[in-house]
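Here is the structure we will look at.
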Amino acid sequence: MRDYDEVIAFLGEWGPFQRLIFFLLSASIIPNGFNGMSAVFLAGIPEHRCRVPDSANLSGAWRNHSIPLQLQDGQEVPHSCRRYRLATLTNFSALGLVPGRDVNLTQLEQESCLDGWEFSQDVYVSTIVTEWNLVCEDDWKTPLTTSLFFVGVLLGSFVSGQLSDRFGRKSILFTTMAVQTGFSFLQIFSTNWEMFTVLFVIVGMGQISNYVVAFILGTEILGKSVRIIFSALGVCTFFAIGYMLLPLFAYFIRDWRMLLLALTVPGVLCVPLWWFIPESPRWLISQGRFKEAEDIIKKAAKMNSITTPEVIFDSMESQELKPLKQQKVFILDLFRTWNIAIITIMSLLLWMLTSVGYFALSLNTPNLHGDAYLNCFLSALIEIPAYITAWLLLRSLPRRYIIAGVLFMGGGVLLLIQVVPEDYYILSIGLVMLGKFGITSAFSMLYVFTAELYPTLVRNMAVGITSMASRVGSIIAPYFVYLGAYNRVLPYIVMGSLTILIGIVTLFFPESFGTTLPETFEQMQKVKGFRLGKKTRESMETEENPKVLITAF
């Protein structure tokens with residue numbers, strides 16, 4: 001029986017049809033870069049202080065001293081959430097007393113911002129924070145907004161594969177693109193924080209579903225050699241391009257509603273792709289729709305100027321190409337033995353903590369010194385060399401060593417930030433970007449590494465469960481950023497320590513480079529550090545003649 005790749009081998013690997021599919025599917029990922037990180041600017045927190053109303057009968061001196069000072073990062077700055085009791089200041093002003101000379105300000109009673117806040121417009125004209133006063137007692141709502149977006153991502157990643165398996169890759173791809181674009185547009189008309197956040201959850205569901213389905217569609221249509229480049233570079237690089245365009249939009253559009261409107265336009269521009277991106281022939285075959293699959297293959301051959309064989313699928317082969325009924329597996333099978341359970345637990349930790357580092361560093365860019373828009377652009381730009389580096393390393397070096405190596409580098413430079421003097425902010429930003437480089441490289445390697453560790457029977461389940469663990473990491477990542485409100489370097493200390501810790505754990509994984517993909521649980525390798533016993537003659541022959549196979553995941 002020929003497999004699907006043999007059947008369509010006559011199409012070639014990199015003709016006009018494959019190039020069109022590669023770039024159109026990659027381009028459809030660009031809006032994911034907008035929506036995935038849009039909270040950086042939509043929920044930006046500008047400098048703020050309590051408003052002192054114009055109706056308050058205060059002299060200029062008392063108005064200037066109406067806000068108490070607080071110690072922040074070794075400097076005294078105006079308090080963001082407190083003011084001196086306004087009635088007391090009015091009395092002192094009426095008596096002609098001078099603040100600091102006649103009255104000891106440190107002994108005055110304070111009160112909360114009863115008249116609202118004054119927000120600086122140096123960076124943002126408006127955000128959801130300034131719109132609905134998400135500061136002080138309500139400052140917990142800002143990280144929750146981003147966390148709930150990633151809850152939507154978690155839900156979307158859970159259902160997108162099942163939906164595309166049932167209804168087809170193409171229809172679900174464009175449905176989820178419509179969900180992402182349409183609900184982003186509806187967010188513009190949000191009347192309160194609750195409405196905005198509920199819509200943001202739905203946008204998150206569409207965002208990841210679009211990404212996953214485009215990824216699956218590309219890996220099923222493209223040939224073996226192009227498939228790996230598409231998986232490792234195509235979708236990741238175009239996501240980074242979308243991420244890079246976000247600060248450019250935000251720089252010129254400082255109002256959050258108008259920015260959101262601008263970010264929905266690229267999604268609308270993707271509508272014409274419906275007439276150029278075909279359904280997955282593999283999926284059509286799995287549904288017994290061989291005539292439709294043949295039509296797509298014939299159109300591809302015509303585009304590539306290749307003569308199509310008279311018969312692509314004969315009647316006997318059509319029956320053989322139907323998917324075989326596989327043994328049922330359950331999530332508990334990932335914990336069926338001590339060795340498998342240890343690998344699964346370590347994989348869950350690896351995915352979750354790497355995700356925490358990636359998203360926390362991405363969301364923390366507005367809190368860095370210097371221009372928030374430039375810092376966000378640099379954070380996106382550094383991802384492209386990170387993806388290329390990961391792809392090059394995966395081609396020739398052992399998995400656990402390269403993943404641990406980039407994690408050590410990323411975590412180590414984050415820990416160095418605490419010893420950099422505050423005046424050397426360019427050096428601090430450079431270390432943050434280097435840390436982002438290391439963690440992004442590691443993150444992009446995890447799909448391949450996990451797929452190589454587990455047997456065919458549970459490979460998709462293992463990748464799905466571990467990638468869901470990464471969604472949990474993204475949900476808690478905003479709260480790591482929130483630690484910066486207490487100390488500027490605290491997020492980097494925590495992230496750096498956890499990244500180095502998970503790098504150490506990675507060294508205990510079995511090595512998958514240069515080995516045959518396991519087909520059964522018995523063929524899974526042992527966790528490093530366990531006594532493996534003597535190697536059999538067959539295993540030694542396998543190591544001498546390794547066979548590497550990277551599947552679509």
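Between Arg399 and Glu511 no salt bridge is recorded (no basic side-chain N to carboxylate O distance below 4.0 Å).
More than 12 heavy atoms of other residues, nucleotides or ligands shown are found within 6.0 angstrom of CZ on Phe408. Residue Gln70 places its CD atom among more than 12 non-hydrogen atoms of other residues, nucleotides or ligands, all under 6.0 Å distant. Annotation: Met468, atom CE; neighbour count of heavy atoms from other residues, nucleotides and ligands within 6.0 Å is above 12.
For the 3.5 Å distance criterion, the side chains of Tyr251 and Asp371 fail to qualify, holding no donor opposite an acceptor. Checked by atom type, the side-chain pair Ser280/Lys170 shows no donor-acceptor distance below 3.5 Å. Checked by atom type, the side-chain pair Ser347/Trp351 shows no donor-acceptor distance below 3.5 Å. Tyr243 and Ser379 form a side-chain donor-acceptor contact under 3.5 Å, judged by distance and modelled atom types alone. Residues Asp255 and Tyr124 bring no donor and acceptor atom of their side chains to less than 3.5 Å of each other.
Within the 3.5 Å criterion, the main-chain N or O of Gln187 finds a donor-acceptor partner in the side chain of Ser190. A donor-acceptor pair is defined here as one N or O able to donate and one able to accept, closer than 3.5 Å; no such pair exists between the side chain of Thr365 and the backbone of Leu361. Listed for the Ser444 side chain is no donor-acceptor partner under 3.5 Å among the backbone atoms of Tyr387. Side-chain atoms of Asn32 come within 3.5 Å of backbone N or O of Ile29 as a donor-acceptor pair. Without hydrogens or angle criteria, Arg169 side chain to Val213 main chain gives no donor-acceptor distance under 3.5 Å. For Ser147 (side chain) and Ile475 (main-chain N/O), a donor-acceptor pair under 3.5 Å exists by modelled atom type. Between the side chain of Ser26 and the main chain of Phe23, no donor-acceptor pair closer than 3.5 Å is present. No side-chain donor-acceptor contact under 3.5 Å links Glu118 to the backbone of Arg49. Under a 3.5 Å cut-off, the side chain of Thr146 and the backbone N or O of Pro478 do not form any donor-acceptor pair. No donor-acceptor distance shorter than 3.5 angstrom exists from the side chain of Thr237 to the backbone of Gly234, with no hydrogens or angles considered.
Two residues are said to be in side-chain contact when any heavy atoms from C-beta on lie closer than 4.5 Å; Thr466 and Met352 fail this criterion. Between Ile504 and Leu407, the closest side-chain pair of non-hydrogen atoms is not below 4.5 Å. Side-chain contact between Arg83 and Ser66 is absent, with no heavy-atom pair separated by less than 4.5 Å. The closest side-chain heavy-atom distance from Asp138 to Asn133 is not below 4.5 Å. The closest side-chain heavy-atom distance from Leu42 to Leu259 is below 4.5 Å. Ser470 is listed as a side-chain neighbour of Phe443, based on a closest heavy-atom distance under 4.5 Å. Here the side chains of Met205 and Val179 are not in contact, with every heavy-atom distance at 4.5 Å or above. The side-chain heavy atoms of Leu144 and Trp193, taken from C-beta on, include a pair separated by under 4.5 Å.
Taking the six-membered ring where the residue is Trp, the centroids of Phe196 and Trp256 are separated by under 6.0 Å. Between Phe249 and Phe41, the ring centre distance reaches or exceeds 6.0 Å. For Phe480 and Phe359, the gap between ring centers reaches or exceeds 6.0 Å.
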Does the pair Phe185 and Thr181 meet the rule for a side chain to side chain contact (heavy atoms under 4.5 Å, CB included), with working shown?
CA-CA 6 Å; Phe185 182 73; Thr181 303; 5.8 Å; no
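Scanning both residues, Ile403 and Val406, for their nearest heavy atoms gives O-CG2, 3.2 Å. Shortest non-hydrogen contact noted between Gln180 and Pro31 is OE1-O, 3.8 Å. Here the shortest heavy-atom pairing between Phe276 and Ile21 reads O-CD1, 4.2 Å. Considering all non-hydrogen atoms of both residues, Ala43 and Val129 come closest at O-CG2, 3.6 Å. Nearest heavy-atom pair across Val481 and Ala360 is CG2-O, 3.5 Å. Of all heavy-atom pairs between Val123 and Arg254, the closest is O-NH1, 2.8 Å.
Between the CG atom of Leu350 and the OG1 atom of Thr450 there is a distance of 7.0 Å, given to the nearest 0.5 Å. Atom CG of Asn192 is separated from atom CD1 of Ile128 by 11.5 Å, given to the nearest 0.5 angstrom. The structure places CG of Leu154 at 11.5 Å from CG of Leu148, a figure rounded to the nearest 0.5 Å. The line from CG of Leu261 to OG1 of Thr264 is 5.0 Å long, rounded to the nearest 0.5 Å. With values rounded to the nearest 0.5 angstrom, Ile30 atom CD1 is found 9.5 Å from Met244 atom CE.
Note: Phe149 and Phe200 have tilted aromatic rings, judged against thresholds of 30 and 60 degrees for the angle between ring planes. Ring geometry for Phe119 versus Trp117: interplanar angle of 30 to 60°, hence tilted.
In this model, Cys50 has its SG atom no nearer than 2.5 Å to the SG atom of Cys81.
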